[in-house]
Chemist: 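Okay, handing you the structure first.
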Amino acid sequence: MQDNATEVTAAGIARLAGVGRAAVSNWRRRHADFPKPVGGTETSPSFALAEVEAWLRDQGKLAEVPLRERVWQQLAGHPEGPVTALVHAGCALLLIHDRPTDWLELSAGSDERLAALLPAALDQVITPRFGAPRERAVNTPTGPELLPSAPLLRGAAELAAGLGARQTYEFLLGRHLDNNPRQYTLTPGDLAALMAELAGPARTALDPACGTGALLRAVAPKPDQELYGQDSAPELAALSALRLALQSKAAVRTAAGDTLRADAHPTLQADAVLCHPPFNERNWGHDELAYDARWEYGFPARTESELAWVQHALAHLKDGGSAVMLMPPAAASRRSGRRIRADLLRRGALRAVIALPIGAAPPYNIPLHIWVLRRPEKAPAQPELLLVDTGALAADGRGGLDWQAVRTAVLEAWRPFERTGSAREEPGFSRSVPVIELLDDDVDLAPARHLPPATAGGGTEQLVDVRERLGETLRLTADLTPSEAQRTQPARWPLITVGELARGGALLLRTGGNGAPARVPVLTDHDVLAGIAPSGTLPEGEDEAVLVEKGDVVVPVLGGGSVARVVDELTAGAALGRNLTLLRPDPAALDPWFLAGFLRGTANNRQASSYASTATRLDVRRLQLPRLPLDEQRRYGERFRALAEFEDALRRAGRLGEQLVRGMYDGLTDGTVAPD
């Protein structure tokens with residue numbers, strides 16, 4: 001059943017039709033029968049989804065609204081807001097997951113019947129999974145509250161029949177988080193998995209700042225497991241609980257409230273605590289918590305909120321239990337926290353400080369740290385601290401972090417240290433330092449300050465290798481330099497737009513999705529612009545991703561650059577990322593290199609772009625191509641392919657040149673390279 005009250009914005013219409021926002025604006029101007037706004041504002045109007053769907057179908061611009069998109073638009077346009085809609089959908093999906101026959105019986109009648117009977121059925125799954133009403137973040141919605149959500153719940157159930165209840169909820173929650181990036185501080189899945197591995201197996205686990213549940217979701221399942229969480233935002237505590245319950249059989253206990261001021265689990269002694277606390281808080285409770293029993297290692301200064309969270313985590317551990325905290329780098333070196341750091345070291349509570357590469361987690365412009373702590377059963381005789389710096393594993397550009405390399409390097413350093421309390425030294429990367437060496441006036445625990453420098457550029461042998469590779473690349477670049485251009489009269493070809501080619505079946509047009517199958521690399525707009533391998537990630541999903549194939553042409557739609565990339569064997573199979581449009585030409589009608597080459601024309605891009613105050617957006621459908629026979633296309637295509645090879649060689653030479661210069665500077669300044 002379609003909900004006539006569901007509203008959709010211009011951006012939502014663009015996603016429904018697979019076009020840019022500019023195309024929607026044009027439709028509104030050029031078509032008098034385009035649906036009129038029913039809400040929103042003058043600058044950001046909203047439209048009735050049912051009317052938009054009917055208009056798109058009448059115009060031949062849409063055969064059928066994809067089920068995923070219809071459900072998402074019902075959620076986004078919910079009269080009580082998307083968070084309430086997510087909670088209602090999550091409750092229904094939990095019922096479908098745990099008691100599918102109950103849902104089938106309830107959904108057989110009208111929306112009014114469904115809303116009236118659903119609360120009692122939901123109680124049968126919510127109470128066993130989340131506990132008594134007074135101690136849980138998810139409360140059973142009433143019938144009147146559920147009635148406006150009935151079309152959404154039916155759509156979510158239909159989607160779950162194909163995807164599964166868990167994947168359906170992950171899709172809806174992931175789309176909501178993506179649409180509100182400034183509202184939530186997220187912990188990337190790969191980082192959460194690493195932190196959970198450092199903590200080890202746990203039957204009881206706590207995240208006192210649980211957010212959307214990413215860290216607890218990464219904890220390996222165990223029989224009779226209990227997962228506890230708390231967050232100051234009630235909606236996050238509820239969404240996190242539903243997410244965890246749909247993933248595992250564990251008992252989930254999440255609560256809303258200020259963790260430091262009003263601990264919801266005061267008597268809990270957990271096997272593991274995982275936490276990504278808020279950074280640089282000033283109003284964390286310094287004045288009213290001065291005599292709190294949690295400050296076993298010292299009363300944190302007003303500017304040391306992170307050390308308050310550290311001690312909160314330690315207070316909730318069993319003897320021998322582990323805590324893994326994501327920390328800002330300043331927490332390792334601020335003078336105001338040196339006494340607490342010193343006591344953590346002396347008593348063997350702080351086991352490791354691991355510096356992550358820039359871009360590992362928000363804020364992406366600083367190299368965050370992971371602190372690994374343990375509640376000591378007794379003070380060690382000669383404690384050591386493991387220091388690891390993974391900064392050298394940072395990839396070129398944004399979004400290119402090799403998480404597999406980071407995970408492998410960190411665990412290879414941590415596991416021997418965990419067993420023996422000591423680890424071998426790796427210059428520039430890791431070292432276990434006797435605590436006595438760190439107990440000076442500063443107690444500075446930043447790993448880079450205590451690690452011996454790595455050999456310059458990987459050693460003089462590697463510098464020789466880099467120099468040889470640079471020479472080969474420069475010679476190749478010279479060979480690939482385009483021949484002298486021959487002047488000719490401007491051609492007057494008949495032109496056709498990409499949109500017309502798509503409607504005629506000469507190419508398939510797809511846009512980047514909001515999810516990807518697990519472990520599938522994602523081709524990002526930055527990868528296309530920089531000419532590098534797929535490096536991004538998207539929320540996990542089974543059917544959402546568009547996988548690129550050899551011969552596809554990929555075009556970034558933001559930024560105003562004239563760029564198009566032909567997918568090769570190495571990139572094929574990656575998922576198409578956001579802000580990218582894929583064109584899959586019919587090889588009997590279009591040569592891919594010819595297509596990509598003409599799409600890069602500056603004048604072509606200018607006439608197909610729309611301009612806002614802060615960004616330029618390309619409407620790919622408006623890009624133009626000359627109508628040429630296939631043989632003539634291939635002649636142009638070969639020249640465009642040669643230009644692309646020359647461009648790649650220039651990029652490679654630039655990267656190798658930077659590596660050689662950096663290595664020479666390092667070698668000359670640390671004495672491993674002679675000036676002669």
Side-chain angles (χ1 to χ4, degrees), residues 357-359 391-402 405 428 454-486 521 523-536 548 550 552-556 559-572 574 577 580 592-594 596-602 605 636-670 672-676:
I358 289 177
L393 299 176
D396 294 332
R398 60 182 171 84
L401 187 59
D402 185 348
T455 307
T460 53
E461 298 83 359
Q462 185 167 337
L463 285 178
V464 171
D465 177 64
V466 171
R467 189 177 187 280
E468 291 177 353
R469 288 163 56 203
L470 176 60
E472 293 172 0
T473 304
L474 290 174
R475 287 190 290 274
L476 175 63
T477 304
D479 293 340
L480 292 174
T481 302
S483 57
E484 183 177 351
Q486 298 180 5
L523 184 68
T524 69
D525 54 346
H526 169 69
D527 299 333
V528 175
L529 293 168
I532 59 177
S535 64
V548 301
K550 182 183 177 183
D552 288 347
V553 177
V554 180
V555 182
S562 303
V563 178
R565 174 171 169 176
V566 179
V567 175
D568 57 16
E569 296 89 343
L570 298 178
T571 305
L580 290 174
W593 287 101
F594 163 81
F598 274 95
L599 294 186
R600 292 189 62 170
T602 301
N605 274 258
Y636 277 94
E638 285 302 314
R639 190 64 183 270
F640 287 136
R641 185 200 296 265
L643 282 174
E645 290 176 359
F646 176 61
E647 186 177 37
D648 288 342
L650 288 175
R651 287 197 188 102
R652 190 160 59 251
R655 288 194 287 265
L656 289 169
E658 289 177 3
Q659 186 177 349
L660 180 60
V661 169
R662 184 168 59 249
M664 289 296 296
Y665 269 111
D666 289 346
L668 288 166
T669 54
D670 67 17
T672 57
V673 173
D676 300 329

Chemist: Quick one: closest heavy-atom pair of L393 and A405, and the distance?
Modeler: CD1-O, 3.8 Å

Chemist: Nearest 0.5 Å please: distance from the OG1 atom of T477 over to the CD atom of E647.
Modeler: 12.0 Å

Chemist: Considering residues, nucleotides and ligands other than R467, do more than 12 of their heavy atoms fall under 6.0 Å from its CZ?
Modeler: no

Chemist: CD of E468 to OG1 of T473: how many Å apart, nearest 0.5 Å?
Modeler: 11.5 Å

Chemist: Of the non-hydrogen atoms in V673 and L668, which two are nearest, and what is the gap between them?
Modeler: O-CD2, 3.6 Å

Chemist: Run the numbers on D465 and R469 for salt bridge (charged side-chain N to carboxylate O under 4.0 Å, His left out), then give the verdict.
Modeler: CA-CA 6 Å; D465 177 64; R469 288 163 56 203; 3.6 Å; yes

Chemist: Please give me the minimum heavy-atom distance between V566 and A596, naming the atom from each residue.
Modeler: CG2-CB, 3.6 Å

Chemist: Looking at R600 and A564, what are the two nearest heavy atoms and their distance?
Modeler: CG-N, 3.6 Å

Chemist: For the residue pair W593 and G637, what are the closest heavy atoms and their distance?
Modeler: CB-O, 3.4 Å

Chemist: If you look at every heavy atom in P556 and D525, which pair is closest and at what distance?
Modeler: CB-CB, 4.3 Å

Chemist: Measure the spacing between CG of L660 and CG of L470 and express it to the nearest 0.5 Å.
Modeler: 6.5 Å

Chemist: Going from CG on L580 to OG1 on T524, what distance comes out if it is rounded to the nearest 0.5 angstrom?
Modeler: 7.0 Å

Chemist: Just do the salt bridge (charged side-chain N to carboxylate O under 4.0 Å, His left out) check on R641 and E645 with the steps written out, would you?
Modeler: CA-CA 6 Å; R641 185 200 296 265; E645 290 176 359; 5.4 Å; no

Chemist: Donor-acceptor pair, distance only, cut-off 3.5 Å: does the side chain of R565 make one with the backbone of D527?
Modeler: yes

Chemist: Please walk me through it: do L523 and V528 pass side chain to side chain contact (heavy atoms under 4.5 Å, CB included)?
Modeler: CA-CA 7 Å; L523 184 68; V528 175; 4.0 Å; yes

Chemist: Whether the T571 and D568 side chains hold a donor-acceptor pair (N or O, under 3.5 Å, no angle test) is what I'd like checked.
Modeler: yes

Chemist: Measuring from L570:CG to K550:NZ, what's the distance to the nearest 0.5 Å?
Modeler: 10.0 Å

Chemist: Give the C-alpha distance, both sets of side-chain angles, the deciding distance and a yes or no for side chain to side chain contact (heavy atoms under 4.5 Å, CB included) between R655 and Q659.
Modeler: CA-CA 6 Å; R655 288 194 287 265; Q659 186 177 349; over 6 Å; no

Chemist: At what distance, to the nearest 0.5 angstrom, does CG of L650 lie from CG of L476?
Modeler: 9.5 Å

